[in-house]
Visitor: 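Encoded as structure tokens, here's the structure I'll be asking about.
Lettering of chains follows the sequences in order, A, B, ..., and the numbering in each one begins at 1.
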Amino acid sequence: MADINLSRITKSFGDYRAVNQVSLDIADGEFVALLGPSGCGKTTLLRLLAGFEEPDGGVISLGGQVVADPQSNIMVTPEMRNLGIVFQSYALWPHMSVARNVGYPLEVRGLGRAERDHKIKAALDTVALGPYADRSPTELSGGQRQRVALARCLVMEPRAVLLDEPLANLDVHLRETMQQAFLDFHRRTGATMIYVTHDQAEAMAMADRIAVMDKGHIRQMAAPETLYREPADLMVAGFVGAGAVLPISNVSITDDRTCSVRLGDTDVAARICPNFVRNRAAAHAGQAGICLRPEDVWVDDAGALRGSVEDCVYLGGRFRLSVRIGQDRDHVLPVYANRRARIGENVGLKVSDGWVFDRMQGEAA
Amino acid sequence: MQAVSRLRGFWPGMITARSNSNRSSDRLLYWLLVPVFVVSILPIVRLGFEGVMVGGVPSFDYFRDVLGNGSTWQATANSLYTAGLGTIISLLIGGSFAFLVALTDVRAKAALVFCFMIPMMIPPQITALSWVQLTGPSSALLNAFGIAPAMGSPQPLYSAEGIALLLGIQHASIVFLTLRANLRMLPREQIEAARLAGARGGRLWWQIILPLTSPGLIAGTAMAFVTALGNFGITAMLGIPANYATLPTLIYQKLAGFGPSVLGEVSVLAMLIGAIAICGVALHHRLLSKRDYRLMGMVGRPLDIRLGARRPMIEGILWTVLVAILVVPLLALIATSLVPAFGVKLNFDNYSFAAFREVLFVQPSTARAFQNSFMLSVGAAVTLVLVCLPLAYVMVRRPSRLTKLINLLVEVPYALPGVVLAIACILLFIRIPLLDVSLYGTLGIIFIAYLARFLVIALRPVMNSFSQLDPALEEAAQACGAGLGRRLRDILLPLAAPSAAAGALLVFLTAFNELTVSALLWASGNETLGVLIFNLDDSGDTVLASAVAVMVVLVVIALMSCFQLASRRLPKGVVPWQT
Ligand SMILES: Nc1ncnc2c1ncn2[C@@H]1O[C@H](COP(=O)(O)OP(=O)(O)OP(=O)(O)O)[C@@H](O)[C@H]1O
Ligand SMILES: [Mg+2]
């Protein structure tokens, strides 16, 4: 196992910078998810790590050892990095049986027959595919193929496991089972895992930390709860979790963690991003925004913030409303309510918490 | 153990230079380009040298003479017309066969494919001979049924279209084999997805299947065109009586003339053919480079599109075409081999096996020629496949300006008429510099010429299948720690095996009764089958020539049957006519 460090990694395809000045530090044994919209460079970043792509600039090191540094002409080939990778397309070899697919890394390392068979059996049992050892991968279902790919990656006891949207092709039920399988595997082996996905629920459920990517940049890297409660910028706030970001003009900063903002006709106490506090000029330049999560806002007829109900969904135990608010009625806020509301009904809202940050953060880049 | 394997990753020697193409194991691959250059490009360069040297001084006189001559351009136009039309015919026949056999539920596929391969094994001049015998007024077969055209009426095949038709039939198998190897790799999901999206019938074919298989189609077309361009047997047998000159026949006429300027003029004409072939191939690469139709997903079971009620009709058409292009000329050939004397009407009373007895038991050259041709063609097929796997890998996965150039140049020895390549080889190898040995008059020089000529046949199908493989398959092996050699052996070779086998088979079949290259290179004791047949025919023993040709076809069918029997022990998809 090893920690992974990327420093100012850049990779261009022609003029397009698929990965732009990315720095990441991943600790030994950590489970990190790379989350981002389609085309943001997640696969490219993973392939850079694995060694299939060479960075244009920056340094990649595994366990303290530099494996890619164009400045010093260092490029360790993928076969020498001892990283396991699970491809989105599985990449099983159709001409080999399931057992041989799984055993191939051991074959390459020149392990003896008996030891190999033993490890293959153990790996196949881990993914519950023991009885399928002699089949051809073409005769397996999508989920089974995925598990073979995982087993192949596990037998080689890699320094880190890279997974590129491994569950994208599976049905919901199988996804949950497989998520559990990944987590169990992670707990048991303590392997460093980097997991690419564009499904935020999946990332939140599994990862110790999530790196949110957009247009080749890492926007924020933090624990799931931090990402949810304290998004660094507009993109992260919008991409992770439900909620809305409202522009606000009046921020009175209480201390470097809390503040009070004017929403509608009332003052609301909210948390504020410490960086934003330090940059008071921006805070007063009308760049502030408040991120409201559904659980922070409740329907309360006495509430000063008013809006009209657009949509009402019963979630079991409570309702989720979409309420259109603001002077120009240009923001839709998801909120929870204890009673059903009519579409079009005018309701009052009470805000118990919020997160104030710089809306323009990262937009220039 | 584990620590050791991890440490390996940090071996200082493994930290290699910067660019992808410079990794240490990859650098070894580039050495492969050296023998390829020596064998297949150097002879042509040597010949080109003759074209620009007049009496030992550099000069463009030959260019002026040859390019200023109207007959050169007439022959060029004729070559383009016959090769172009022939290619279209090959594409129609070979393409429809490949699609129907690979993708639909027609019955008796193995038999269809097996039979479809046979026309290619009949030497072109024999094909031409048998068609002329078949359709002309003195046709042994037609006369046996009393339906031959009247004496004195013109032979319809002595025309540009006649040449194109026979070129088309002769090379349909090339399109067929290339395309079929390609179709085998088509994952059924992609076609099924299209059908679910509502694509049916013509739409499915035009919008999904054709674009997905276009790399194979384009590659097959390019190869058929280049083959047709250099064909001598058919253009000579049909063109010379009609006074219709193509570039290869023009070259032969020049050679027959024998003057001091022969080599120079032939060299210039050879460059002209080479240039046309390179243009064709460059066009092929342009077309291909715009499409990266890597086939994603599993190569699963083959597809069986149901033809429904139309199946018997389509099967009927397929077999009718086969009878027309295979059985009929073959029957004509057999009929000729059985007549007691050339020109005599064949009937059930006068047939005789005397010709077979003669060539089998009286003439020792027959057995020798079989042995020589067998060794040469098997040797060339095996050597070329072994070279082409890594070579195709370099060309596809590590393209550079050098590989692109070589990619175009390897086409030239195949496109040139065989005799021109033979001259080029003689010029280069008559005295090998430094070693001071001569290859002239040995089987060795024929072997080298075969390697040069057929490299491209073996290379194209393999390149084609490499460019279609999902790169993740190789990357997965790389992540498992497999170095380049291992990946080639364990992953790429088995996955490309069907294409490599198709290539090897094509090489074997074309080399087995090859004539035009060995015509100049053979020496007594070193004759090949093509030379033997040609010499017999040339000295008026057409019946004996036909008998040898019939035996060639029988031997090849027997060899193919052995393959068939061994097919269960061979990797899947290696025997091309197996489903
Ligand atoms: N080989 C390539 N050549 C040119 N452009 C490329 C190449 N690979 C990726 N790109 C471009 O780089 C960008 C990032 O691609 P990447 O595959 O990393 O996205 P991704 O985040 O994995 O998206 P998805 O979630 O859809 O898989 C895309 O805009 C893509 O078009
Ligand atoms: Mg991706």
Visitor: Assess whether atom OH of A:Tyr132 is packed by more than 12 heavy atoms of other residues, nucleotides or ligands within 6.0 Å.
Guide: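 12 or below, so no.
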
Visitor: Could you walk me through whether A:Glu79 and B:Arg487 satisfy the salt bridge (charged side-chain N to carboxylate O under 4.0 Å, His left out) test, starting with their C-alpha distance in whole Å, then the side-chain angles of each, then the deciding distance to 0.1 Å, before giving a yes or no?
Guide: CA-CA 10 Å; A:Glu79 55 267 38; B:Arg487 296 202 300 276; 3.4 Å; yes

Visitor: List for me each residue that meets side-chain contact (heavy atoms from CB on, under 4.5 Å) alongside A:Ala68, sequence neighbours excluded, and say none if there are none.
Guide: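 Per chain and number, A:Ala68 pairs via side-chain contact (heavy atoms from CB on, under 4.5 Å) with A:Pro55, A:Ile60, A:Met75, A:Arg81.
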
Visitor: State which residues pass salt bridge (Lys or Arg N to Asp or Glu O under 4.0 Å) with A:Glu165; sequence neighbours excluded, sorted by chain then number.
Guide: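 Scan of A:Glu165 (salt bridge (Lys or Arg N to Asp or Glu O under 4.0 Å), adjacent residues dropped) gives none.
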
Visitor: Does atom CZ (A:Arg113) have a neighbourhood of more than 12 heavy atoms from anything else shown, all under 6.0 Å?
Guide: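 Not buried by this count: 12 neighbours or fewer within 6.0 Å.
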
Visitor: Taking A:Arg152 for the side chain and B:Ala476 for the main chain, is one N or O donor matched with an acceptor at less than 3.5 Å?
Guide: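 Such a contact is absent between A:Arg152 side chain and B:Ala476 backbone.
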
Visitor: Of all heavy-atom pairs between A:Glu107 and B:Asp490, which one has the smallest distance, and what is that distance?
Guide: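 That would be OE2-OD2, 4.4 Å.
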
Visitor: Write down the atom of A:Phe52, the atom of B:Gln478, and the distance for their closest heavy-atom approach.
Guide: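 Result for this residue pair: CE2-OE1, 3.3 Å.
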
Visitor: Side chains of A:Pro78 and B:Glu475: closer than 4.5 Å at any heavy-atom pair?
Guide: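 No, every pair of side-chain atoms sits at 4.5 Å or beyond.
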
Visitor: Using every non-hydrogen atom in the two residues, find where B:Ala472 and A:Ala91 come nearest and quote the distance to one decimal.
Guide: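 For B:Ala472 and A:Ala91, the tightest heavy-atom pair comes out as O-CB, 3.5 Å.
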
Visitor: Given 3.5 Å as the limit, does a donor-acceptor pair link the side chain of A:His95 with the main chain of B:Leu493, or not?
Guide: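 Answer holds: no.
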
Visitor: Side chain, backbone, both or neither: which part of A:Gln88 has an atom under 4.5 Å from a heavy atom of chain B?
Guide: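 For A:Gln88, there is no contact with chain B at all, as no heavy atom is under 4.5 Å.
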
Visitor: Could you tell me which non-hydrogen atom of A:Val108 sits nearest to which non-hydrogen atom of B:Gly481, and how far apart they are?
Guide: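 Here A:Val108 and B:Gly481 meet closest at CG1-O, 3.3 Å.
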
Visitor: Once rounded to the nearest 0.5 Å, what's the spacing between atom SG of B:Cys480 and atom CG of A:Leu83?
Guide: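 Answer for the SG-CG pair, B:Cys480 versus A:Leu83, is 11.5 Å.
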
Visitor: Under 3.5 Å, is there a donor-acceptor pair between the side chain of A:Trp93 and the main chain of B:Ile491?
Guide: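 The answer is no, because no donor-acceptor pair under 3.5 Å joins these two groups.
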
Visitor: For A:Leu92 and B:Leu473, which heavy atoms make the closest approach, and how far apart are they?
Guide: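 Shortest heavy-atom separation between A:Leu92 and B:Leu473 comes out as O-CD2, 3.0 Å.
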
